[in-house]
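One structure is given below, encoded as structure tokens.
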2 protein chains.
Amino acid sequence: MVRTPASSARIKSAPARKKKVVRWNGAPGLKGQRREAILRSVGSVLRNSRLSSLTIQDIASELGMTKGNLYYYFKDKQDILYQCHMRCMELSLRALQEAMANDGAPSEKLRILLIGHIHGILDDGFGSILQTDLESFWPDQRKRYIRKRDDLERGVRSLIEAGVLLGEFECDNVKLAGFSILGAINWIPKWYHPSGPFSSDQIAEEMTDYFLRGLQRHDGVARKAPRERSSSKNGTNNYHRMLAT
Amino acid sequence: MVRTPASSARIKSAPARKKKVVRWNGAPGLKGQRREAILRSVGSVLRNSRLSSLTIQDIASELGMTKGNLYYYFKDKQDILYQCHMRCMELSLRALQEAMANDGAPSEKLRILLIGHIHGILDDGFGSILQTDLESFWPDQRKRYIRKRDDLERGVRSLIEAGVLLGEFECDNVKLAGFSILGAINWIPKWYHPSGPFSSDQIAEEMTDYFLRGLQRHDGVARKAPRERSSSKNGTNNYHRMLAT
DNA sequence: TTTCAATTTGAACCGGGATTAAAAAACTTT
DNA sequence: AAAGTTTTTTAATCCCGGTTCAAATTGAAA
């Protein structure tokens, strides 16, 4: 685990809470805020040092706190990982809602969903968490997570199907297409690095373009314009290294 | 780790080798064969019990041998994982060679490559190994592996580029398209199960179809018939129209 | 049968990392 | 300032899983 001396945002000690404030034992409130901060920092640790060998110690020292102190905020390690998974998934589900709210063609909705999904994964640093297994989750944790994940998958598939029904898309196997798209996205954190050649914007836009292109019906009818990119942040012509092999 | 009582092929003890036989300290030979058998069994363990928490003990008991005995054949655990990675990658590189040997259009070559790649990952059980990190590798192991992996990635990209130059493909960002395709494939072992609804054949064929469809030029010109498999490796005669970009 | 090398066993070793619990510190309230 | 609660530290503890090693076993050759 790479020690990043400057990156740690060293959280101030949480003052003892005021009494009298109505609060269920949950998210907001001082302790809850602290929890969120810790989770964010896990994202941060994962960001600039990819790996599955993430130790409690790493998280603690990123925050300038002690190993044991983490156990005041979380039951155990898998709880932390689980929360990260959920945060990440909720970002994606928000993108799904946003997509569904839009009144455009299925392709437009799907575009919104996928771009939001990718940004959620890359920009909040929780992306790398996707590599970890669900094995270690408690049954009800896994169940809760799976449910949300299935919502997302179903959302993608239903948009593809809608496009097929409207004649906008053409797709032999909706389920496999969905797996392809989501798998490709889940894999991004394996190679993405913030200081790498691709911005998360570019990745989101261009990969989504590719995914959608594979769905468009290919009889030449009703093809949409190549669609205007927002700010021409396309990475210049990338014809570096083209060995004909 | 799921104990699979019947699945273990319990290897016979390797008899002491005959002397006088010329042999470098490497692959074939009795010890070498034993090594291969062990690696195959790792694949088998991974197959019917997905996870990253693969222990030496698991591997040993799958083979009906002892923990310690494994260290007679391999230096350490990461060596075993490394070898699995290499076996898996070599299958894919074989698909690359096969693809390059074929004299068809880039799309046909790419199809051969991707289908072979997917089969290599799913059918030999090494696929799940892809989820593990390369972190734990020794530097030269990592270097050797990365080199091969880069060969594969370059192979994919060069085929896409060739298709673009020949006017068969159209692709905004070759590198991101390549990442999309390979990422989607690497992710398959996360959801694939041999007894699931999809055969590896079906996955290979239909996902590859989808990947290629996203690359076909979409101006309605020179579109190929919905694709006839195998024979008719046309495409060798359209050398006009070299779109730049 | 004896001998020697190859193989296997089984127990012990060992370190690292998660987890816990008790005490200390910090902060609030009265 | 005293009391009480929340937060943090510190120092064990615990346990798992990789690794080592000497001894036992096996098999081949002489």
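Numbers restart at 1 for each chain; the letters A, B, ... are given by sequence-line order, proteins then strands.
A:Arg35 has no side-chain polar atom (N or O) that falls below the 4.0 Å cut-off from OP1 or OP2 of D:dT7. Residue A:Asn69 has no polar side-chain atom (N or O) positioned under 4.0 Å from OP1 or OP2 of D:dT7.
With rounding to whole Å, B:Leu70 atom CG is found 12 Å from D:dT19 atom C1'. The distance from atom OH of A:Tyr72 to atom P of D:dT5 is 12 Å, rounded to the nearest whole Å. Across the protein-nucleic acid pair, B:Ile80 atom CD1 and D:dG17 atom C1' stand 13 Å apart, rounded to whole Å. One atom, NZ of A:Lys75, and another, P of C:dT20, lie 7 Å apart when rounded to the nearest Å. In this structure, the CD atom of B:Gln33 is 15 Å from the C1' atom of C:dA6, given to the nearest Å. D:dT9 atom P lies 7 Å from atom CE of A:Met65, rounded to whole Å. Distance OH (A:Tyr73) to C1' (D:dT9): 13 Å, rounded to an integer number of Å. If you take CZ of B:Phe74 and C1' of C:dT7, they are 15 Å apart, rounded to a whole angstrom.
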With the criterion being N/O to N/O and under 3.5 Å, what pairs connect the protein with nucleotides 16-18 of chain C, and how long is each?
| from | atom 1 | to | atom 2 | distance (Å) |
| --- | --- | --- | --- | --- |
| C:dA18 | OP1 | A:Ile56 | N | 3.4 |
| C:dA18 | OP1 | A:Lys77 | NZ | 2.9 |
| C:dA18 | OP2 | A:Ile56 | N | 3.0 |

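Here A:Arg149 pairs with A:Glu153 under the salt bridge (Lys or Arg N to Asp or Glu O under 4.0 Å) rule; sequence neighbours left out. The ring pair (Phe, Tyr, Trp, His ring centres under 6.0 Å) check on A:Tyr82 picks up A:Phe137, with sequence neighbours excluded. The salt bridge (Lys or Arg N to Asp or Glu O under 4.0 Å) search around B:Asp140 returns B:Arg144, not counting sequence neighbours. Partners of A:Asp151 under the salt bridge (Lys or Arg N to Asp or Glu O under 4.0 Å) rule, at least two apart in sequence or in another chain, are A:Arg154.
Within the structure, salt bridge (Lys or Arg N to Asp or Glu O under 4.0 Å) contacts touching residues 85-94 of chain B (residues at least two apart or in different chains) are B:Glu36-B:Arg87, B:Glu90-B:Lys148.
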**OP:** Test A:Lys31 against A:Tyr72 for side-chain contact (heavy atoms from CB on, under 4.5 Å), laying out the working first.
**Re:** CA-CA 9 Å; A:Lys31 201 166 168 183; A:Tyr72 178 70; 3.8 Å; yes
